[in-house]
There are 4 protein chains.
Amino acid sequence: MAPKEAKTRQRRADGEMSRARILDAATEIAGERGYEGTSIGAVSAKCGLPASSIYWHFKDKDDLIAAVIERSFAHWLKVWQLPEDLTGRDRLMEVAVGTAKAFMDSPDFLRLGLMLALERRPVEPRARAMFVQVREQAFEALTRSLVDLAAGLTGDQVRQLAAYAVAGADGLFIAKEIGGDSVDLVAMFEMHGQALWDIAQRMIGEN
Amino acid sequence: MAPKEAKTRQRRADGEMSRARILDAATEIAGERGYEGTSIGAVSAKCGLPASSIYWHFKDKDDLIAAVIERSFAHWLKVWQLPEDLTGRDRLMEVAVGTAKAFMDSPDFLRLGLMLALERRPVEPRARAMFVQVREQAFEALTRSLVDLAAGLTGDQVRQLAAYAVAGADGLFIAKEIGGDSVDLVAMFEMHGQALWDIAQRMIGEN
Amino acid sequence: MAPKEAKTRQRRADGEMSRARILDAATEIAGERGYEGTSIGAVSAKCGLPASSIYWHFKDKDDLIAAVIERSFAHWLKVWQLPEDLTGRDRLMEVAVGTAKAFMDSPDFLRLGLMLALERRPVEPRARAMFVQVREQAFEALTRSLVDLAAGLTGDQVRQLAAYAVAGADGLFIAKEIGGDSVDLVAMFEMHGQALWDIAQRMIGEN
Amino acid sequence: MAPKEAKTRQRRADGEMSRARILDAATEIAGERGYEGTSIGAVSAKCGLPASSIYWHFKDKDDLIAAVIERSFAHWLKVWQLPEDLTGRDRLMEVAVGTAKAFMDSPDFLRLGLMLALERRPVEPRARAMFVQVREQAFEALTRSLVDLAAGLTGDQVRQLAAYAVAGADGLFIAKEIGGDSVDLVAMFEMHGQALWDIAQRMIGEN
DNA sequence: TATGAATGAGGTTTCATTCAT
DNA sequence: TATGAATGAAACCTCATTCAT
């Protein structure tokens, strides 16, 4: 049905601002309902702009969700700071706890990303490719950081360690999503940090 | 050209078989595309029965997907056998490797379940509730098994350990889903088993 | 969806009783929702018999609703007794009040009938024809009775009077349906009886 | 063959006109077939706009039918003019005859309204509420007019008279709907006017 | 820089009905 | 005397998208 008059009539509409409003709405909805669950109509209703305006700013739905991922990742990188020199157990634990807090602070990015990552679609959305790609970037950064932590490990071992670190983080995020308040995410991440440290030490010892 | 599977019009009514065919189709599609991505039309096309017949066997889409989860979980439990007495490092590693293999053998159940678990919908699908519930069952079973492994741990510690075990498994599954052949799931699960063992030992030592 | 096990398992099912159960359910639903609003599925759910059983007892939906009208009319005739000799004002008022009570006692028949009567469908349901026909019977009976009341009126005048009597009754029924408890149907019918009496007297005077 | 009405694809967006076309089609169909009998598909076919366009202009079917009632009532009020001062028998007869003519001129409004009024649905359509409401307005107006006619009546008596007037009108409308050309609606309404006059006089005399 | 209106495809579900048993 | 299962058509409605302004 014809949308009722928008509450705040935008005189002299500002393109950037409209784009941001659309992205805000799409981020929220997509973070909760995934790709298919995010309809242009729902985004339009949430941001107050007509659906056709969304198509002025974004080529199509795929483009919109990809932009959501892109912006969310940039935001995420601001929240989750990985130190250049990840040396020593204490630094590792700091990063672990920081990751837990970043997850709790802005879970939408990872929730949407994981939903996208799990789907197997005939034609893969650009958004999924984008998530996998930015995730890869994060993985590379983590790998570089871990080199400092675990001098004495082979490149393969470092990568395996990084993969395990990421997997654990994903899994703990899901645990928190399912368990809600009953899950102490910080404690779980401390456990994870400890596990990573132990694994690294054992690897070094075995080399 | 190879002859199309003869579209044997089911004259002889065989409800159980039809139900199974519908569930087969729905399991495959939902495992790949998630809840929203699974359309009744697609299920109908895949199983050969008209959409209206699906509604003879299932009340609605929600009911169908919930049935998919239910049956997939039963199947999963047959593939993934948890020993009653999980004692010693070797047994733990066996379970870890077994889990890896079970994941590779039938990934649809967990893929669909995780997609459901991640979604935040205005009205929660029964299927999600069902997944969370069967997952809880699995968690309880694991907790019971771990008691044998780690005599000397408090109940809270065992539960934390179990939660970490499950989270790691989820995360590694996702890593495999994203990374495909480049991920050696068995090796990763061995690492996870080792990590769990280390954590348990450390906890016991600290008590 | 496949209907859940019927509560009372009918061993040695009795055809007449099944038919009656179906008619009971259909009468209730059709009396509330009209022809289109009455679905075989809803009747099936209400009477506990599968839809296919309804087709064993009735040729099609049209046949079912026609049977509802037929049975309801028979029931109505039992409740609403028109005396053979409608002579004098008192008798007229008795009939008026009796009609009011009959309406309140079993409103389903007239409600469904009027809904059917008002509809203009490309192919007219048998049920509508049946209602119009039984209504015609009632009209004829009333006309015969009124002859006694109003000796001195021409045939045309009697028929006009009967038509006005029926119209008033219909209208008052509708007023009660819309107004509910706020309408005193008996009082309104007493007014109607008085009006008919006045009209008849005036007609006689004018002849 | 006469050329089909050129299917002038409305390139130039003219919302008001489209809305009117939809309402025209819906009014005609709903006036003949009632709420359930009015399918969006049929309205779409009749007005030439795709079904999805109907949903641009109206939230849902309920909204559409309610709009039909609203517009039909406005139209009805233009055709049926009730004088402010309804004094004297002649004025009353004029109104009666005017009502008969208005019914014959545009029967759709009342036919649909009565069908809606008779239905008892689990969730009441907005259209029914709207009909009952506009009918109430008409009733109030009539009550006010009758005050002039019957000075000397109590408020309750005037309301009862108005209710009887409305009921008679409804009933006569139905008689015409069923009887068709065999019913002389104007003559019947003259009878009704006379009856109302007699009742009023009798009431005044009795007070 | 935007948007009102439109549109065809497809979504879920219900419909009346049939048929083999 | 029934009924489980099936079925095509059609119901209501939402979808992503386009286009003229």
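Heavy-atom basis, side chains included; hydrogens, waters and symmetry copies ignored. Throughout, protein chains are lettered first and strands after them, A, B, ... in sequence-line order, and every chain is numbered starting at 1.
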Undergrad: Distance check needed: dT14(E) P versus Ile40(D) CD1, whole Å only.
TA: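 Value for this atom pair: 18 Å.
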Undergrad: Please name the residue in the list Arg21(A), Lys46(A), Arg33(A) that meets the salt bridge (Lys or Arg N to Asp or Glu O under 4.0 Å) test with Glu28(A).
TA: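 So the option named by the test is Lys46(A).
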Undergrad: Is there a donor and acceptor pair closer than 3.5 Å between the side chain of Trp56(D) and the base of dA5(E)?
TA: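 Answer no: no donor N or O sits under 3.5 Å from an acceptor.
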Undergrad: Lys61(A) has an atom NZ; how far is it from atom P of dA16(F), in whole Å?
TA: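 Distance check: Lys61(A) NZ to dA16(F) P gives 4 Å.
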Undergrad: Ignoring backbone atoms, establish whether His57(D) has a side-chain N or O less than 4.0 Å from OP1 or OP2 of dA6(E).
TA: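 True: His57(D) side-chain N/O within range (under 4.0 Å) of dA6(E) OP1/OP2.
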Undergrad: Give the rounded distance in Å between these two atoms: CD of Glu36(C) and P of dA11(F).
TA: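 These atoms are roughly 9 Å apart.
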Undergrad: Reckon Ser39(D) has a side-chain N or O less than 4.0 Å from the OP1 or OP2 of dA11(F)?
TA: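 Affirmative; the distance criterion is met.
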Undergrad: Is it true that, when you exclude His75(A) itself, more than 12 heavy atoms of the residues, nucleotides or ligands shown sit nearer than 6.0 Å to its NE2?
TA: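 Result for NE2/His75(A): open.
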Undergrad: Nearest whole Å is fine: how far is dT18(F) P from Ile54(A) CD1?
TA: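 Answer to the nearest Å: 14 Å.
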Undergrad: Restricting to salt bridge (charged side-chain N to carboxylate O under 4.0 Å, His left out), what partner residues turn up for Arg126(B), sequence neighbours left out?
TA: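 Applying salt bridge (charged side-chain N to carboxylate O under 4.0 Å, His left out) to Arg126(B) gives Asp63(B).
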Undergrad: Take atom OH of Tyr55(B) and atom P of dT12(E), then tell me their distance rounded to the nearest Å.
TA: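 The answer, rounded to whole Å, is 6 Å.
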Undergrad: Which comes earlier along DNA chain F counting from the 5' end, the contact point of Ser53(C) or that of Ser53(B), where each point is its nearest nucleotide?
TA: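 Mapping each residue to its closest nucleotide by heavy atoms, the 5'-most match is Ser53(C).
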Undergrad: Are Phe73(C) and Phe131(C) close enough that their ring centers fall under 6.0 Å?
TA: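 No, the ring centres sit 6.0 Å or more apart.
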Undergrad: If you look at every strand shown and take non-hydrogen atoms under 4.0 Å, does Thr38(D) touch a base, only sugar-phosphate, or nothing?
TA: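 Sugar-phosphate contact only.
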Undergrad: Give the nucleotide from the list dC12(F), dG4(E), dA6(E) with an atom nearest to the side chain of Ser52(A).
TA: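 From the listed options, dG4(E) comes nearest.
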Undergrad: Between Gly31(A) and Leu112(A), which heavy-atom pair has the shortest distance, and what is it?
TA: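 Closest approach of Gly31(A) to Leu112(A): CA-CB, 4.1 Å.
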Undergrad: Can you tell me if the side-chain N/O atoms of Ser18(C) get under 4.0 Å from OP1 or OP2 in dT1(F)?
TA: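 Checking Ser18(C) against dT1(F): no side-chain N or O falls below 4.0 Å of OP1 or OP2.
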Undergrad: Counting only Watson-Crick pairs (N1-N3 plus N6-O4 or O6-N4) and G-U wobbles (N1-O2, O6-N3), all under 3.5 Å, who is the partner of dA6(F)?
TA: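 dA6(F) is paired, partner dT17(E).
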Undergrad: With nearest nucleotides of DNA chain F determined for Lys59(D) and Arg19(C) from heavy-atom distances, which residue corresponds to the more 5′ nucleotide?
TA: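 Per heavy-atom nearest nucleotide, the more 5' residue is Arg19(C).
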